[in-house]
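Working notes, structure below.
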Amino acid sequence: MAKRHYIAGRPIAGGVIAGESQTIPIGKASALLETRTYSAGQAIARLDPSLRAVGRASTQLDTRVTAATGRAVAWIDAATYTRGQSVCGFDTSAGEIIAKAAASTGITARTYTTGQSTADMLTRVIGEIDWSDVAASQSWQTVTRLDGVEVLTTGAIEIEAEESSARVATISVVGPPTAEVDSTLDVDLVVGDHVEPLFRGRVTEPQFDPARRVTTYEATDQIQRRIDSLTREQIEGLTPEATTENGNDDQGWRYLRHRLESWPGSFDTTRDGFFRATRWDGADLMPNAITAAIDRSERLSLVRADQVRNRVKLEARLSWIRLAIREHTNTWVAPYSLCDFLTGRRLGYQVSLPMTETVTDAISSAGWDIESINLQPLMNGDAEFVDCRLRDSSSQRIVIVGEIDAIRQARWTLTKRYSRTLQAALGVTLDVASSVSRFGLRDSTQSVSYRDPADDSSFLRPDAGGETQPLLGTGASPTATSDGFDLSGTDPKGDRFVDQLDGGAAEDIVTDAINRAMTQIASAHRGTTLSVQTLVRPDIERHHRVEMQLPFVTSQGKVSRVRHVLDTEAGSATTDVEIRIFQGGDGQPVSADWSGLGDMGLSNVKTRADDPTPLPDPGTYVGGLDDSPPESEDWHGWIYNANTDTGWWADSSTFDPNPPSNETYSTGFAVRTPPIEMPDQETADVEDNRTIAVHLPEDPLVYA
């Protein structure tokens, strides 16, 4: 009696259990079993002698286990828990274990349940198959299952896998379709006691040929579908050394392919369905070389001239917002004394001085933020009189009635927030010197740009809630502003500034561009391929590096394509293997001598244009006098007219009731602020150019 056991459409451990059994209920149960257990890449035997008889049960087993390469290992799991306690005792005596030979191990296990179970086991261990040995694949068969049900195929079974692509299988089955899209398809290669899984996937396209009565099934390992179900963060975790181009918003499989363009390697699945990322220069070297080709199937294709890229000129342009504050301080000093203000006799006319409110209103209306205001009154204290000296050196006591609000001196500091766009031009030349000397110069140009998305509106239009806040502390070093901007830089014009540039993001932009150029260069230099058809080699995978010692050429390189063709009717089982060979490198791993953006001298950039003449301190301008000049809009300070409504004093003792009538002004206190002129932006504010060396492997290529 032979049985095939399936769990969720798959055979238990990929194996077959065959034998005879006789069970006597509530009495004695005996079973004579021959068990073969297979797993991918490693052989494990799991034995579960769980017997639930009320009486006594005994089991005698003869087990053959295929071991890992060069080493025989037998794992026994005899722990069984039923209604009672399970105890396993092992008495093991191991004979000599020889690879590709046989070894015996005697094991006695006693298990106590409600009754007693005794198992005497004899285990033979057979070493791993050496697929490079021609004799290994002379006797073979295939086991193909659709949705867990074994089917009989006709014609050839084809299984193909290329770098960073899905593994694809095609089978043909006699009769109408028995499975639909998304059904599971499993293909195993069986040689003697060894089972090698070749394909695990799902059907993508069944096609029925009514004339031939044959259904062809195409299936893939679902790598694209599986990647599409992952988030961008999960894909980034699978490709930690890759980078993402600024602004990319791809998802799923497209995002993975985008990431791979910045990393010199491939992303595949193994035959048992696990993801694996493999650098082109970091594949696992197969221990045995391919030394035989079927029917002179060797094909060597050398890299074409139009494929080679050994110099890439990368032009990166960065732009961002610089936030800055210009500071402007003025001092106005009244040219009059208290006596001048009270009598006016020394000057011949009544003097006028600005009041506190007049000055503060003028400063507040200047359009700049107030950093500080310092006002000194004309009279300090509460004096009741003052003695004023006249022109004739006589003195006159003047009684002061009420409070005098006039200003003697005013000093204010204003700040103006502004922004401008800074631009940096970075030129990077990636150069493979060894390739240039061998193939000649093959160059190309690429460009990348980055605009920092920082918004400066909160800086230019702060919401002070009606109150003026100091923007900078008075300590020795700058502190953060009330709006959270750390104005820690000072440009050559003395303006404090902060660049709204994410330095890490900018460096990521350039680094990603360099990675993509470097990967493009590396890909071009592995354009030489060597392919061969040999007897079936299911052990060769895309993450392997294979050496080919063929009659006409010897080389080695990473596997880029594997194709198995198994034709049970013709009795042929072959594998096509293609490797890609690095040529033109200097023998080092793929890398570039790059240390990042570094200091680009941003503090040396003049944030604003030079001021030809700074604004002078404000003065005092009097109209209505004989020598009063025409009024000017450029004046700033105190502007008023001599008070001559009731005459004026020609000297300290002579009063003229008919004063002169000349130029009169618009009275007020004017506060001027300097203009902020932006510099010419026709050229970049910062420019940097450098050349970095790219290193590449050099694979051997020897002609016989």
Side-chain angles (χ1 to χ4, degrees), residues 325-391 395-416 464 466-475 482 494 613-625 628 631-643 649 665-674:
I325 288 183
R326 181 172 184 184
E327 186 176 282
H328 176 62
T329 299
N330 271 145
T331 301
W332 175 81
V333 179
Y336 312 124
S337 65
L338 177 59
C339 289
D340 291 338
F341 177 75
L342 293 175
T343 66
R345 290 184 178 181
R346 182 176 67 86
L347 300 173
Y349 56 87
Q350 185 64 45
V351 170
S352 177
L353 288 175
M355 303 295 105
T356 300
E357 184 177 358
T358 302
V359 175
T360 56
D361 286 349
I363 295 174
S364 300
S365 302
W368 286 34
D369 295 326
I370 300 174
E371 183 82 4
S372 62
I373 299 178
N374 184 281
L375 303 179
Q376 294 183 15
L378 179 63
M379 185 183 70
N380 294 321
D382 299 325
E384 297 180 355
F385 60 87
V386 62
D387 292 327
C388 295
R389 188 173 297 277
L390 304 179
R391 289 184 180 181
S395 178
Q396 179 183 5
R397 173 165 290 187
I398 299 176
V399 178
I400 299 174
V401 180
E403 182 179 353
I404 299 177
D405 189 35
I407 300 299
R408 177 195 301 273
Q409 178 176 305
R411 182 178 176 85
W412 61 88
T413 297
L414 303 180
T415 59
K416 180 65 173 180
E467 298 181 3
T468 300
Q469 298 286 343
L471 295 181
L472 193 63
T474 58
S482 59
T613 54
L615 286 178
D617 280 335
T620 300
Y621 307 90
V622 183
L625 303 178
S628 296
E631 184 175 356
S632 172
E633 294 182 355
D634 295 332
W635 288 345
H636 66 130
W638 178 232
I639 306 170
Y640 75 101
N641 296 292
N643 185 3
W649 293 91
Y665 303 147
S666 301
T667 303
F669 196 91
V671 175
R672 308 293 183 191
T673 52

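Source: prediction; values computed, not measured. The first residue of the sequence shown is numbered 1, and numbering continues consecutively from there.
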Of the non-hydrogen atoms in [X] and [Y], which two are nearest, and what is the gap between them?
X	Y	result
C339	D387	SG-O, 3.9 Å
P335	D340	O-OD2, 4.5 Å
P618	W412	CG-CH2, 3.6 Å
A642	L625	CB-CD2, 3.6 Å

Give the intermediate values and the outcome of side-chain contact (heavy atoms from CB on, under 4.5 Å) for residues F669 and D361.
CA-CA 9 Å; F669 196 91; D361 286 349; over 6 Å; no
Could you check whether D617 and T331, counting side-chain N and O atoms only, form a donor-acceptor pair closer than 3.5 Å?
no
Nearest 0.5 angstrom please: [X] [atom1] to [Y] [atom2], how far?
X	Y	atom1	atom2	value
F341	Q350	CZ	CD	7.5 Å
I363	I373	CD1	CD1	4.0 Å
L378	L342	CG	CG	7.5 Å
L353	I407	CG	CD1	9.0 Å
Y665	I639	OH	CD1	9.0 Å
R672	H328	CZ	NE2	11.5 Å

Show the numbers, then the answer: is there a side-chain contact (heavy atoms from CB on, under 4.5 Å) between V671 and L414?
CA-CA 10 Å; V671 175; L414 303 180; 4.2 Å; yes
Do [X] and [Y] have side chains that approach each other closer than 4.5 Å (heavy atoms only, starting at C-beta)?
X	Y	value
W368	R326	yes
M379	V386	no
W638	T667	yes

May I ask you to check whether over 12 heavy atoms, not counting those of E357, lie within 6.0 Å of atom CD?
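No.
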Is there a side-chain contact (heavy atoms from CB on, under 4.5 Å) between S364 and I370 once you walk through the steps?
CA-CA 7 Å; S364 300; I370 300 174; 3.6 Å; yes
Derivation and outcome, side-chain contact (heavy atoms from CB on, under 4.5 Å), residues W332 and V359:
CA-CA 10 Å; W332 175 81; V359 175; 5.7 Å; no
Can you check whether V622's main-chain N or O pairs, donor with acceptor, with S628's side chain at less than 3.5 Å?
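Indeed, once roles are kept as given, a pair shorter than 3.5 Å links the two residues.
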